[in-house]
Amino acid sequence: MNIFKAMKPEKVYITAKAVPWVSLRSEGITVALLDFDNTLGPDHATAPTDFSRECVKEIEDAGLRCCLVSNAKSGRSAGIAEALGIPCVTYARKPEPVGVRRALELMNAKPEDAVMIGDQIFTDVIAGNLAGVRTFMVEKLYRKEIWYVALKRIPEKLVRLIGRF
């Protein structure tokens with residue numbers, strides 16, 4: 001897969017709540033692989049928010065199973081996943097596809113069964129695309145981000161402009 005194709009999500013939504021989960025389920029998608037930081041909750045949060053709980057409930061109510069796929073340290077992301085009642089892959093090493101593949105194995109799913117949801121091109125979208133799952137990008141939930149993520153937003157804007165998404 002060429003790098004430009006790897007950087008382009010299938011679709012972009014304002015938030016995870018805007019994703020048509022029921023339609024995805026009818027298309028055969030059974031697993032939602034979810035980033036947390038700035039996708040479901042604040043960057044570097046240590047607990048789920050009402051928004052993240054509502055998203056997981058909506059996804060599960062549509063008939064999909066959820067799995068958190070996070071680059072975060074194991075204690076923080078595992079604690080969030082446990083509080084949400086979903087499995088988790090920590091140290092996912094996104095943009096490498098290894099974490100997404102571990103999540104698929106954990107969920108006993110094939111790439112065609114899953115969708116990766118995240119807010120960053122250079123981690124979530126690339127990892128999902130390289131692992132062969134559908135990828136949907138969501139806009140970041142909060143303005144506040146750790147400095148190195150904020151820096152990545154600059155080239156990300158250029159990629160989105162060129163890719164028209």
Side-chain angles (χ1 to χ4, degrees), residues 1-19 24 29 31-56 59 66-81 83-84 86-104 106-107 111 114-165:
M1 172 178 290
N2 84 37
I3 192 63
F4 297 108
K5 188 171 181 178
M7 287 190 279
K8 190 166 186 175
E10 182 178 324
K11 294 189 181 179
V12 178
Y13 293 96
I14 191 74
T15 72
K17 284 187 160 198
V19 175
L24 283 174
I29 299 297
V31 174
L33 306 174
L34 307 165
D35 175 55
F36 186 81
D37 290 333
N38 243 336
T39 297
L40 294 181
D43 196 29
H44 284 77
T46 57
T49 62
D50 288 343
F51 178 82
S52 57
R53 291 179 194 283
E54 291 165 10
C55 286
V56 168
I59 295 165
C66 298
C67 181
L68 201 65
V69 181
S70 178
N71 281 350
K73 292 181 179 174
S74 60
R76 183 172 75 86
S77 51
I80 290 168
L84 290 170
I86 63 175
C88 179
V89 169
T90 60
Y91 292 113
R93 295 175 34 195
K94 298 176 288 183
E96 293 180 34
V98 65
V100 174
R101 289 183 182 136
R102 283 193 347 243
L104 290 170
L106 179 66
M107 302 302 286
V115 61
M116 177 75 208
I117 309 291
D119 68 300
Q120 292 186 56
I121 294 168
F122 299 130
T123 56
D124 310 309
V125 173
I126 291 175
N129 282 334
L130 291 177
V133 302
R134 293 172 71 178
T135 56
F136 293 168
M137 185 174 169
V138 294
E139 302 297 345
K140 67 181 185 174
L141 279 180
Y142 301 91
R143 292 186 64 161
K144 185 178 178 184
E145 296 182 295
I146 195 153
W147 66 271
Y148 56 84
V149 174
L151 280 178
K152 287 192 283 184
R153 298 292 185 187
I154 298 166
E156 200 172 78
K157 284 182 184 178
L158 182 59
V159 168
R160 290 186 74 175
L161 181 68
I162 292 168
R164 295 187 177 106
F165 62 92

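- Looking at M137 and D124, their side chains never come closer than 4.5 Å, going by heavy atoms from C-beta outward.
- Atom CZ of R53 sits about 12.0 Å away from atom CG of L40, to the nearest 0.5 Å.
- Between the CD1 atom of I59 and the SG atom of C66 there is a distance of 4.0 Å, given to the nearest 0.5 Å.
- K144 NZ: 12 or fewer foreign heavy atoms inside a 6.0 Å radius.
- The side chain to side chain contact (heavy atoms under 4.5 Å, CB included) test applied to L106 returns C67, P87, V89, not counting sequence neighbours.
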TODO: Evaluate side chain to side chain contact (heavy atoms under 4.5 Å, CB included) for D37 paired with D43, printing each intermediate quantity in order.
DONE: CA-CA 4 Å; D37 290 333; D43 196 29; 3.5 Å; yes

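- For the residue pair L141 and G41, the shortest heavy atom distance occurs at CD1-N, 3.7 Å.
- Across every non-hydrogen atom of S77 and A72, the tightest pair is OG-O, 3.7 Å.
- Using a 4.5 Å heavy-atom cutoff, the side chains of F4 and I162 are not in contact.
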Test side chain to side chain contact (heavy atoms under 4.5 Å, CB included) on L104 and L33 and set out the steps. CA-CA 8 Å; L104 290 170; L33 306 174; 4.2 Å; yes

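- Annotation: salt bridge (charged side-chain N to carboxylate O under 4.0 Å, His left out) contacts of K140 (sequence neighbours excluded): E145.
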Does F36 form a side chain to side chain contact (heavy atoms under 4.5 Å, CB included) with S52? I'd like the steps, not just the answer. CA-CA 8 Å; F36 186 81; S52 57; 3.8 Å; yes

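- With hydrogens and angles disregarded, no donor-acceptor distance shorter than 3.5 Å links the side chain of D35 to the backbone of I117.
- Side-chain N or O atoms of E10 include none that pairs as donor or acceptor with a backbone N or O of R134 at under 3.5 Å.
- Between the CG atom in N129 and the CE atom in M116 there is a gap of 10.5 Å [rounded to 0.5 Å].
- Counting non-hydrogen atoms of neighbouring residues, nucleotides and ligands closer than 6.0 angstrom, the NZ atom of K17 exceeds 12 such neighbours.
- A donor-acceptor distance shorter than 3.5 angstrom exists from the side chain of K94 to the backbone of V69, with no hydrogens or angles considered.
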Pair Q120, V125 - check side chain to side chain contact (heavy atoms under 4.5 Å, CB included), show working.
CA-CA 6 Å; Q120 292 186 56; V125 173; over 6 Å; no

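- Residues satisfying the salt bridge (charged side-chain N to carboxylate O under 4.0 Å, His left out) test with R102, not counting sequence neighbours, are none.
- Here the straight-line distance linking atom CD1 of I121 with atom CZ of R153 works out to 8.5 Å at 0.5 Å rounding.
- Between K8 and T135, the shortest heavy-atom distance links the atoms O-OG1, 4.0 Å.
- Nearest heavy-atom pair across L130 and P95 is CD1-O, 3.8 Å.
- Of the possible polar contacts, one joining the T39 side chain to the D119 backbone as a donor-acceptor pair under 3.5 Å is found.
- The distance from the CG atom of L158 to the CD1 atom of I154 is 11.0 Å, given to the nearest 0.5 Å.
- Across every non-hydrogen atom of V138 and A16, the tightest pair is CG1-N, 3.7 Å.
- Counting all heavy atoms, side chain and backbone alike, V100 lies closest to A131 at CG1-CB, 3.5 Å.
- The CE atom of M7 sits 6.0 Å away from atom CZ of F122, with the distance rounded to the nearest 0.5 Å.
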